[in-house]
S.K.: 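This is the structure I want to talk about, given as structure tokens.
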Number of protein chains: 2
Amino acid sequence: MRVDARRNREHLLTTARAVIAEQGPEASLNEIARRAGVGPGTLYRHFPTRQVLLAAVFRDRVETLCARAADLLAHTSPDEALALWSRDVLAHALTDRGMSASMTLGGAELGFDCHAAMRSAATGLLLRAQREGRTRPDVDIEDLFQLVTGVALAASELPGGLDRAERLLSVTLAGLRR
Amino acid sequence: MRVDARRNREHLLTTARAVIAEQGPEASLNEIARRAGVGPGTLYRHFPTRQVLLAAVFRDRVETLCARAADLLAHTSPDEALALWSRDVLAHALTDRGMSASMTLGGAELGFDCHAAMRSAATGLLLRAQREGRTRPDVDIEDLFQLVTGVALAASELPGGLDRAERLLSVTLAGLRR
DNA sequence: ACCTGAACACCGTTCAAGT
DNA sequence: ACCTGAACACCGTTCAAGT
């Protein structure tokens, strides 16, 4: 990869992060390119679809959440780990617009598969909670995932912010216990 | 209102229903006008914003759900009424793309306030369940609403369809009990 | 090998001109 | 009083031409 190409890629990523923080995940790709000082073709060369760009933008955060899951798996009780991790996901989703949408972005063509990463991180927590804890055995990882991102989406679009989010999460976590 | 205006309005609504069923609530307004055989200006005259159009399109279904809530309130036990009504909302949301998005459409300028209608219909069910049933007293009507539409949104975007939707709903309803 | 930016087909939205 | 449809500013996307 040529040095100017690599620099363009980095700069596009930085700009995309800023614009998406401002305008959300539907932000104009042309504007991202414009603000980064490159032609739209250059953006498309590096990120052939919007989803590829979003996956790249949120990669760091997703990896942070995955590391957190591994940590909780090693150091916390099953029920508590699930609760704390869900709360973390929620906090990230409330902070970064588009984060919750990105968490469901999957597929090998993305360069980085957010969905697969999140899924495998959460699977460990769920299986252990079902084995040792008091978690309903019939829910699968997609269910857990949908419930948490659903709460995140709801909370990010409604007034009441974190308070409401915590309440919705507590309802969901209570529902997961048997 | 002139007869041709009224006829245009009806025809636009019928066309919009069809196009939205095909393409979802983000369907092109120009295409709706085109298919209805009128200029885009005519669509805008009758429905000044997309939300006004969506509220008009889904008015019938929302009113059906409200009537159902009143019926359940009169003839069913608190817990069961809440469960049956949620299941109904879910079924409507899975059938009609854009229905769940429309349920959150509020404001007096819409001609018909879907959100207010749904909220007042569901409030009766929730209050009674909290008074007589075993429902958590700290959740409010917005919480209930968000949980149900969240499940609906999740289920409509994920494979697994109705089965998964039912499971997610049962988790949520379990979480609502104290 | 990579970038550029004009070009294309679309979109939402407006508004002067018509009937 | 209502409709028309050309027009505008934007969007995503592509691709010949450049370096």
Side-chain angles (χ1 to χ4, degrees), chain A residues 1-58 97-98 101-102 104-107 109-111 114, chain B residues 1-58 97-98 101-102 104-107 109-111 114:
Chain A
M1 195 161 180
R2 244 163 55 179
V3 278
D4 57 337
R6 155 140 261 121
R7 196 174 39 219
N8 272 334
R9 211 194 111 96
E10 290 316 317
H11 191 208
L12 275 166
L13 220 44
T14 312
T15 309
R17 247 183 277 269
V19 176
I20 287 169
E22 277 177 34
Q23 312 183 3
E26 312 276 74
S28 159
L29 297 180
N30 275 349
E31 181 175 345
I32 292 173
R34 218 177 302 133
R35 282 216 222 169
V38 302
T42 304
L43 188 149
Y44 276 83
R45 162 168 286 272
H46 289 289
F47 308 101
T49 69
R50 161 172 257 121
Q51 304 194 339
V52 170
L53 177 62
L54 287 176
V57 160
F58 287 106
R97 304 179 61 178
S102 306
T104 68
L105 253 45
E109 72 286 358
L110 292 187
C114 298
Chain B
M1 197 162 178
R2 243 163 55 178
V3 279
D4 59 334
R6 158 140 256 120
R7 197 174 39 219
N8 271 334
R9 210 195 112 97
E10 290 315 316
H11 192 208
L12 275 166
L13 259 180
T14 312
T15 310
R17 247 183 278 269
V19 176
I20 287 170
E22 276 176 35
Q23 313 184 1
E26 312 276 76
S28 158
L29 297 180
N30 276 350
E31 182 174 346
I32 292 173
R34 218 179 301 131
R35 282 217 222 170
V38 301
T42 304
L43 188 149
Y44 275 84
R45 162 168 288 271
H46 289 290
F47 308 102
T49 70
R50 162 174 255 120
Q51 304 194 339
V52 170
L53 177 62
L54 288 176
V57 161
F58 287 106
R97 304 178 61 178
S102 306
T104 68
L105 253 46
E109 73 286 356
L110 292 189
C114 298

S.K.: What residues, two or more places apart in sequence or in another chain, satisfy side-chain hydrogen bond (donor to acceptor under 3.5 Å, both in side chains) together with B:R35?
M.R.: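 B:E22, B:E31.
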S.K.: Which pair of non-hydrogen atoms, one from B:P25 and one from B:G98, has the smallest distance, and what is that distance?
M.R.: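 Taking B:P25 first and B:G98 second, the nearest heavy atoms are CG-CA, 3.6 Å.
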S.K.: So which of residues 7-36 of chain B are in contact with DNA chain D, with a heavy-atom cut-off of under 4.0 Å?
M.R.: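 The answer is B:N8.
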S.K.: Would you call B:L12 and B:L53 a side-chain contact if the rule is heavy atoms closer than 4.5 Å?
M.R.: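 Side chain of B:L12 against side chain of B:L53, heavy atoms only: no contact under 4.5 Å found.
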S.K.: Nearest-Å distance, CZ (A:R6) to P (C:dC2)?
M.R.: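 Between P of C:dC2 and CZ of A:R6: 11 Å.
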S.K.: What is the distance from atom CD1 of A:I32 to atom CG of A:L13, rounded to the nearest 0.5 Å?
M.R.: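 Nearest 0.5 Å value for the CD1-CG distance: 10.0 Å.
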S.K.: Expressed in angstrom and rounded to an integer, what is the separation of A:R50 atom CZ from D:dG12 atom P?
M.R.: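 Distance check: A:R50 CZ to D:dG12 P gives 5 Å.
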S.K.: In whole angstroms, how far is the P atom of D:dA1 from the CE atom of B:M1?
M.R.: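 Rounding to the nearest Å, CE of B:M1 and P of D:dA1 are 13 Å apart.
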S.K.: Out of curiosity, B:Q23 CD to B:R97 CZ, how far, rounded to the nearest 0.5 Å?
M.R.: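 Taking CD in B:Q23 and CZ in B:R97, the distance rounds to 8.5 Å.
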S.K.: Does C:dC3 have its OP1 or OP2 closer than 4.0 Å to a side-chain nitrogen or oxygen of A:H46?
M.R.: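 Answer is yes, contact under 4.0 Å.
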S.K.: What is the distance from CZ of B:F47 to P of D:dC2, rounded to the nearest Å?
M.R.: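 Atom CZ in B:F47 sits about 14 Å away from atom P in D:dC2.
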S.K.: For B:R2, which residues count as a salt bridge (charged side-chain N to carboxylate O under 4.0 Å, His left out) partner, sequence neighbours excluded?
M.R.: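 Expected list: B:D4.
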S.K.: Let me check something: any side-chain donor-acceptor pairs from residues 39-47 of chain A under 3.5 Å, sequence neighbours excluded? List them with distances.
M.R.:
none

S.K.: Considering only residues two or more places apart or on different chains, which pairs with a residue in residues 11-20 of chain A satisfy salt bridge (Lys or Arg N to Asp or Glu O under 4.0 Å)?
M.R.: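 Residue pairs passing salt bridge (Lys or Arg N to Asp or Glu O under 4.0 Å), neighbours aside: none found.
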S.K.: In whole Å, I'd like the distance from the CG atom of A:D4 to the C1' atom of D:dG18.
M.R.: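 The distance from CG of A:D4 to C1' of D:dG18 comes to 14 Å, rounded to the nearest Å.
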S.K.: If you look at every heavy atom in B:F58 and B:S102, which pair is closest and at what distance?
M.R.: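 Looking at all heavy atoms of both residues, the shortest contact is CD1-OG, 2.9 Å.
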S.K.: Which atom names give the shortest non-hydrogen contact between A:L105 and A:A55, and what distance separates them?
M.R.: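 The pair with the smallest heavy-atom distance is CD2-N, 4.0 Å.
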S.K.: Can you sort out the partners of B:T49 under side chain to side chain contact (heavy atoms under 4.5 Å, CB included), two or more places apart, ordered by chain and number?
M.R.: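 B:T49 satisfies side chain to side chain contact (heavy atoms under 4.5 Å, CB included) with B:Q51, B:V52 once adjacent residues are dropped.
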S.K.: Whenever both distances are under 3.5 Å in a Watson-Crick or G-U wobble pair, mark it; put DNA chain C into dot-bracket that way, with [ ] for crossing pairs and | when the partner is on another strand.
M.R.: ||.|||||...|||||.||
S.K.: All N/O contacts under 3.5 Å from nucleotides 14-17 of chain C to the protein, with atom names and distances to one decimal?
M.R.:
none

S.K.: Write down the distance between CZ (B:R2) and C1' (D:dC2), rounded to a whole number of angstrom.
M.R.: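 Distance, rounded to whole Å: 4 Å.
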